[in-house]
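Take a look at the structure set out below.
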Amino acid sequence: MSEQSESPPTEHERTELPIERGFPIERINEIAEKEGRAKMYYRPIYTMHKWWARRLGCVFRAISLYTLLDDPEKVEVFEPGQDNETLADWGDDTQTDIASLIDRVDMRDPESLWELYPKDVRVEDKKILDPFMGGGTSLVEASRFGAEVVGNDLNPVAWFVTKKELEAGQTDVEELEAAFEQVKEDVADEITQYYKTPCPNGDHEADVMYNFWVKELDCVSCGHTVPLFRDYRVAAGRYENDDKYNVHCPDCGAVTLVDDWQSESVCDDCGHGFVPKEGNVSRGGKYNCPDCGQKYAITDAIQEQGGYDTRLYAVEYYCGHCDEAGETKSSHKGYKQAEKADIELFEEAQREWRENEELHDYVPDEKIPEGAITAASSVSGNDVFQHKYEDWTDMFNKRQLVCHSKLLSSISNVSDQNIQEYLLLAFTGMLRTNTMMVGYDQGYNKIINIFKNNSFDPPQTPCEGNVWGAKFGRGTFQSIIDLVKSGIEYAREPTERYVQDGETVETAAFSKPIGGDVTLHQGDMRRLDFEDEFDAVITDPPYYDNIIYSEVSDYFYVWQKILLEDRYSGFDQDKTPRTESIVTNPYLEKTVEDFESELGQAFSVIKRALKDDGSLTFTYHHSDSESWGELLESLCNVGFEVTATYPITADINKFIGGEAVSFDIVVVARPIDETEPASWNSLRRDIYRTARRTRKQLEENRDLSRGDIGVMEMGACFREYSKHHGKVQRDGEIMSAKEVVQEIYGIIQEASDIGVEDVFIDLLDSNNPSFDDVNKLCRGTNATPEELKEMCLYNQDDGFELGTWDNEKRQAYIQERTNGDSDDHLSNLDKLQFLRYRYEKGQAVQNYVDKWGVDDDLRELAGRLADVTGDETYTRVLGDRDITSY
């Protein structure tokens, strides 16, 4: 392995980083799959507060490991739990040859360096920048290696969340616990007094876990009060019988237990017969008046009537008295009709809000700003203003405002600023569930958080949680404080989880806490003035059609600024920055072209900030060739060459429309001073050879999916192109990066004999297949997601569904072609699924078998389908007359 010279190397002399030679995506994916489902156990520091599209910690730890370790003379490796003893001190000679581990990394076998993933690795003289730090994952992970980290984000909420993550390793959790006890003594009783209810089992009080509300309107035709129930479910019968359902009787208001909420039921209290499934709200956003039958748009009625009323109709309670007395679970926990005492308690809170004006200083006084998410647009179909939400306080009822203001007032009195800010972090984290902008998940018996769909979606049946918290309940201040404490404990003594022989292993605590040499900036990254300063930029840049964080983060911002306004710059405006955000925004008329231009400006700042031999590594999320062309164009225009790309599993979120982005890809790039001219014909030959060589090496040496191989093939081709960007000629014209990407797609697919049927069988063999899997498996094949969709081999009308033989839409597609004038347009997969369907329905199949004939291809496909599904009928319908002729 070549060592770095004392003077900065030229682009041709620079040390090739491990991440440019190989990346262990198989090992990362093993962890990512588990971490994505259980972040609070793997890396609790990232569950201290919400931030959107946060990448997984294991991904950025691996990126840091394979990026920062280039000079073995400046690397120390410590055994976790061994009090700062290096592996050499520990006597582990087999793993101390760092130079060898680094040098052995290549595309065919990148795992030598992976041996250090669970070790406490430290590097010297490394300075890392993330100019789009968001939730801070890249900085947290790089800091664990002892690197100096510098971060920036335009959004003050992201800045504050990351600040507290990186300070957590130097924070005393006992001091936080003491401050929490101070707040508890100060206001807990005042808050919890508002969440009491008469216990149905005796003359004592129980704790309210959740209050259930319904919005009501007057019918525009007859004046009848219409409660806006879509259906009358309250919750599954988790305390009595999982197969039963608690429902609200529309006649007497009782909560009654029924066998089936979708069928005719009878109220146990009044004997009223009703179908709980049939409420007064249709999917089109209209109410149906139960008195006169009038159907009318809910938002129109709200505008005409100047708002809506709310009614408390049910309560979920927990009774500690009955629990201690040994009563059954269905006695000490349950659902019941709201009583007069419950309503009077709420009215008491309303009176306190009116009479105690000092409390008003601790709630936001800002109006909700109009934007692409708050007002209906192509980004969000919800318009909070049509639902009569004008101020941020409109998203809370008066009892919540009383409790929130008391809690925030008490937090403001904590003298230690650092500890106070962790309490504030817990407070705003609690607001995800403690708002009238959330409902209740009846099937899972829990409150929903406001950003489940990353938008503001006003519910017709809001759920009000216990702000401080009872013994049980989700999203309470008590439970969120526990998340913050866990984050601090982890930051002080981080561990690492990894997979060994199929089992998850957790290391002992590392002696290096999170944080250390950290500098954070808040503002537009294009104003950063660093030059030739950073060894690496590791980041997760914005994506043009991503969530508009500025608008959703305002929800936290207006509460945080109450305490931070005079403390930190960035918290002195009515809302978070908008126009400077590098993202398309239809409300501000920011277009895709604007995004491309601004992303190019960002890459220019990054290139200037990097040392000559520095590297840029970032994750990106898109599937179509046009978006990759835009990325490559922006990157190469400012003087970067792509040196590697890798597909990875990551925290893929459902965005506004409910459709997942394709998958994450890691892009590695280096500054390049000059590109070299090339003809398209010569470059095409190089790209073709590169693609074939890459595929052959990976297929022979790695256990990767075809989709993963296709992405790495594509990255190798990008690398070939980026050496010649802006100077590739075809027919006398300079080709754009977008044009070249389209050609690269074609080259990769051209020599592939993998088609639609192969991809579909792989989807059948996948656990919980998704749109993401369609994109991944199509990469590097002759199949496209559009083809599969056109053939109804998957659809997303009601969530993701595969077009199996018993899928209604898939069968309709096949039937239409079978009934046509010719069978020529039927594929072998069409034929087999058609025969499988007829067999299931008891219809004759042999006449079709005779008509079509059975060749080797059809038999082979039938065998593959039988193997992957375990359904031998696919093969039996082709050959056994006793079975196939009814």
Side-chain angles (χ1 to χ4, degrees), residues 11-12 541 543-545 582 584 590-608 616 618 620-645 662 665 667-695 710-752 775 778-787:
E11 65 189 42
H12 300 293
Y543 316 108
Y544 73 90
D545 58 354
I582 302 177
T584 57
K590 294 190 69 171
T591 64
V592 172
E593 291 72 26
D594 294 327
F595 170 79
E596 291 179 31
S597 171
E598 292 175 354
L599 186 61
Q601 295 167 15
F603 283 140
S604 293
V605 171
I606 289 171
K607 184 171 184 288
R608 187 177 69 242
L616 164 63
F618 62 96
Y620 207 72
H621 317 242
H622 274 300
S623 58
D624 62 278
S625 58
E626 184 175 350
S627 62
W628 287 114
E630 291 161 358
L631 171 66
L632 196 58
E633 190 93 50
S634 297
L635 196 59
C636 293
N637 277 345
V638 301
F640 279 102
E641 66 169 320
V642 174
T643 57
T645 63
S662 58
I665 190 168
V667 179
V668 186
R670 293 275 200 135
I672 185 172
D673 292 332
E674 277 294 327
T675 57
E676 300 173 359
S679 70
W680 170 241
N681 286 337
S682 64
L683 180 59
R684 188 186 190 284
R685 287 192 296 271
D686 289 342
I687 286 174
Y688 185 87
R689 285 193 294 268
T690 297
R692 299 281 66 77
R693 182 176 64 249
T694 302
R695 174 172 289 275
V711 169
M712 294 174 72
E713 228 180 329
M714 184 173 66
C717 296
F718 285 178
R719 180 172 189 166
E720 288 300 313
Y721 163 74
S722 60
K723 297 172 184 176
H724 308 282
H725 172 73
K727 297 178 181 178
V728 178
Q729 285 200 9
R730 180 171 61 180
D731 300 330
E733 300 288 335
I734 298 296
M735 295 179 69
S736 70
K738 293 181 185 179
E739 291 173 317
V740 173
V741 168
Q742 290 284 6
E743 294 287 352
I744 288 173
Y745 266 53
I747 289 169
I748 291 174
Q749 294 174 8
E750 188 176 279
S752 173
N775 275 290
C778 283
R779 188 75 68 238
T781 75
N782 284 324
T784 66
E786 292 73 25
E787 273 186 282

* **side-chain hydrogen bond (donor to acceptor under 3.5 Å, both in side chains) involving Arg608 - partner list, sequence neighbours excluded** =>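 Arg608 satisfies side-chain hydrogen bond (donor to acceptor under 3.5 Å, both in side chains) with no residue once adjacent residues are dropped.
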* Asked: How would you list, by chain and number, every residue that makes a side-chain hydrogen bond (donor to acceptor under 3.5 Å, both in side chains) with Glu787, sequence neighbours excluded?
  ->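 For Glu787, no residue satisfies side-chain hydrogen bond (donor to acceptor under 3.5 Å, both in side chains) once neighbours in sequence are set aside.
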Roughly how far apart are [X] [atom1] and [Y] [atom2], rounded to 0.5 Å?
| X | Y | atom1 | atom2 | value |
| --- | --- | --- | --- | --- |
| Ile734 | Gln729 | CD1 | CD | 4.5 Å |
| Ile744 | Leu632 | CD1 | CG | 7.0 Å |
| Glu713 | Thr645 | CD | OG1 | 10.0 Å |
| Ser679 | Met735 | OG | CE | 10.5 Å |
| Thr784 | Asn775 | OG1 | CG | 10.0 Å |

Measuring only between side-chain heavy atoms, which start at C-beta, is [X] closer than 4.5 Å to [Y]?
| X | Y | answer |
| --- | --- | --- |
| Trp680 | Ile687 | yes |
| Leu635 | Phe618 | yes |
| Thr675 | Lys723 | no |

Determine whether a donor-acceptor pair (N or O, by modelled atom type, separation under 3.5 Å) exists between the side chain of [X] and the backbone of [Y].
| X | Y | value |
| --- | --- | --- |
| Thr694 | Thr690 | yes |
| Arg719 | Ala644 | no |
| Ser597 | Asp594 | no |
| Glu633 | Ala737 | yes |

[X] and [Y]: which non-hydrogen atoms are nearest, and at how many Å?
| X | Y | result |
| --- | --- | --- |
| Tyr620 | Pro541 | CD1-CG, 4.3 Å |
| Leu683 | His724 | CD1-CD2, 3.8 Å |
| Cys717 | Ala691 | SG-CB, 3.8 Å |
| Val638 | Ser604 | CG1-OG, 3.0 Å |

* Anything under 30° is parallel, anything over 60° is perpendicular, the rest tilted; go ahead and classify Phe640 against Phe603. =>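 Ring orientation, 0 to 90° scale: perpendicular.
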Apply salt bridge (charged side-chain N to carboxylate O under 4.0 Å, His left out) to [X] and list each qualifying residue two or more places apart in sequence or on a separate chain.
| X | value |
| --- | --- |
| Glu743 | Arg730 |
| Arg685 | none |
| Arg693 | none |
| Lys607 | none |

* Test side chain to side chain contact (heavy atoms under 4.5 Å, CB included) applied to Ile672 and His725, step by step -> CA-CA 11 Å; Ile672 185 172; His725 172 73; over 6 Å; no
* Asked: If you measure from the Lys or Arg side-chain nitrogens to the Asp or Glu carboxylate oxygens, is any gap between Arg689 and Glu720 under 4.0 Å?
  ->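 Glu720 and Arg689: not salt-bridged.
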